[in-house]
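The next block holds one structure in the form of structure tokens; read it before the comments.
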Protein chains: 2
Amino acid sequence: MASVEFSKILAFFKALSDESRLKIVGALASNERSVEELATLLELRAPTVSHHLAKLKEVGLVEMRSEGTTHIYHLVMSEMRALTKRVLTLDSIETFTEDVVPDAWERKILGDFFEGQRLKEIPASRKKREVVLRWLVERFQFDKRYTEKEVSAIIAKHHPDFATLRRELICAKLLARESGVYWRP
Amino acid sequence: MASVEFSKILAFFKALSDESRLKIVGALASNERSVEELATLLELRAPTVSHHLAKLKEVGLVEMRSEGTTHIYHLVMSEMRALTKRVLTLDSIETFTEDVVPDAWERKILGDFFEGQRLKEIPASRKKREVVLRWLVERFQFDKRYTEKEVSAIIAKHHPDFATLRRELICAKLLARESGVYWRP
DNA sequence: TTGTAATTTTGATATACATCTAATTAGATG
DNA sequence: CATCTAATTAGATGTATATCAAAATTACAA
């Protein structure tokens, strides 16, 4: 489920993603104005302007005051500032996908390339290969030292080409090696 | 004709006014990602994601790097910041309507209520009445003093109810009065 | 060169929505 | 109360566009 933050920001962008509404905001920036006045300025019919103002009001960007039968709208700059500021921070942007399972991609790759414990094929693309390598390196303990034979044996349980995979693990810095001894850094 | 500033900002809002694109931006906020990866994360087909990325690239919010046949996209935060900052300043917001004749409204009111030099009727709504009064006060010179008779005579050339209009001019502070003498402040 | 995987382009479809006219509501005026 | 004006709501229509499947493209590998 999308966060309230997300829908608020999405609504904000939707509100300002229309030429007429953006012009209305521009017109209100210098002055409060009635519906009829805005309609004349933008060369639109009153119902159209009314419809746009309703959308802007929904997200809190404008407010209305009655004077007789005429409704006078004005911009709420504080809301404008509050919303744009939120978009500026990386932290809040990341929440845009918080309803998404963050490792869906990795799990899909593992599902595609493994048949149980057995690696069907070494992925050609770097990004996919890295996912497989990160899974492989989990078969090793952190505080233990391995001989080359041991490393090869562990890898061989998942794929016959242990030499290539061993090299790739080193290359990706997932395993470290010095004078024939391997460990997990 | 709309300013380049205006269309740039409109394009920016259009780019971010879609749920999927906003989520893409969110996903790219923490990491660069391939098309396939984004498609898995958002549960969309690759062509759809490709289409969205093209739109984001058009406004400079993302950039792309090739790695083999996979295209890896990343967010351009500087562009994000530059665009949101521009929206924050009142000055630039006002330019959203710079292609609009600023006094279109006033001219329409004057056209509606005047028959040549003759005021057909005194507008009931305050906003419209003020437009008419501002036109009327232009019939008076700045550095001259008028008797009440003179004021009434000038107004009467445009409308019979000079008393009401004279009072309204004072009330709107467009004319000043002291001990029977009138002038334009 | 032939094949394969990732992406993009094309074409089709369905939905969202901006705009208009006509009808309705709400205040103000005579 | 009847009327007028400004605004909103309802209903209709056309355009924009998000999405997908299928075809075309691109870059790499065998």
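Every chain is numbered from 1 and lettered A, B, ... according to where its sequence line falls, protein lines coming before strand lines.
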Worksheet item: Could you walk me through whether Y73(A) and R33(A) pass the side chain to side chain contact (heavy atoms under 4.5 Å, CB included) check?
Response: CA-CA 6 Å; Y73(A) 286 84; R33(A) 305 195 127 101; over 6 Å; no
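Distance Y73(B) OH to dA6(C) C1': 11 Å, rounded to the nearest Å. Rounded to whole Å, the distance from CG on L53(B) to C1' on dT8(C) is 11 Å. Counting to the nearest Å, the C1' atom of dT17(D) and the CZ atom of F13(A) are 19 Å from each other. Between the C1' atom of dG27(C) and the CZ atom of R65(A) lies a distance of 16 Å, rounded to the nearest Å. Rounded to whole angstrom, the span from the CD atom of E19(A) across to the C1' atom of dA16(D) amounts to 13 Å. One interatomic measurement links the two molecules: CD of E58(B) to C1' of dT8(C), which rounds to 14 Å at whole-angstrom precision.
Using a 4.0 Å heavy-atom distance criterion, S66(A) is classed as making no nucleic acid contact.
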Practice prompt. Starting at the 5' end of nucleotides 16-23 of chain C, put B wherever the base has a protein heavy atom under 4.0 Å, S where only the sugar-phosphate does, and a dash everywhere else.
Written response: --SBBBB-
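Here the shortest heavy-atom pairing between V59(B) and A15(B) reads CG2-CB, 3.8 Å. The nearest pair of heavy atoms linking R184(B) to F140(B) is NH1-O, 3.0 Å.
In the region residues 121-133 of chain A, proximity to DNA chain C at under 4.0 angstrom, judged on heavy atoms, holds for K128(A).
In a base pair of the Watson-Crick type (N1 to N3 plus N6-O4 or O6-N4) or a G-U wobble (N1-O2 and O6-N3), with each distance short of 3.5 Å, dG30(C) is matched with dC1(D).
The residues R134(B) and E138(B) are annotated as not salt-bridged, no charged nitrogen and carboxylate oxygen being separated by less than 4.0 angstrom. Of the charged side-chain nitrogens involved, none lies within less than 4.0 Å of a carboxylate oxygen, so that K127(A) and E67(B) do not count as a salt-bridged pair.
F6(A) places a side-chain heavy atom less than 4.5 Å from the side chain of K23(B). Between L22(A) and K14(B) there is no side-chain heavy-atom pair separated by less than 4.5 Å.
Among the nucleotides dG27(C), dT8(D), dT8(C), the one closest to any side-chain atom of V35(B) is dT8(C).
Within a 6.0 Å radius of CZ in R45(A), no more than 12 heavy atoms belonging to other residues, nucleotides or ligands are found.
Between the side chain of R118(A) and the main chain of H158(A), a donor-acceptor pair closer than 3.5 Å is present.
Regarding contacts with the backbone of dT8(C), a side-chain N or O of S50(B) is found under 4.0 angstrom from either OP1 or OP2.
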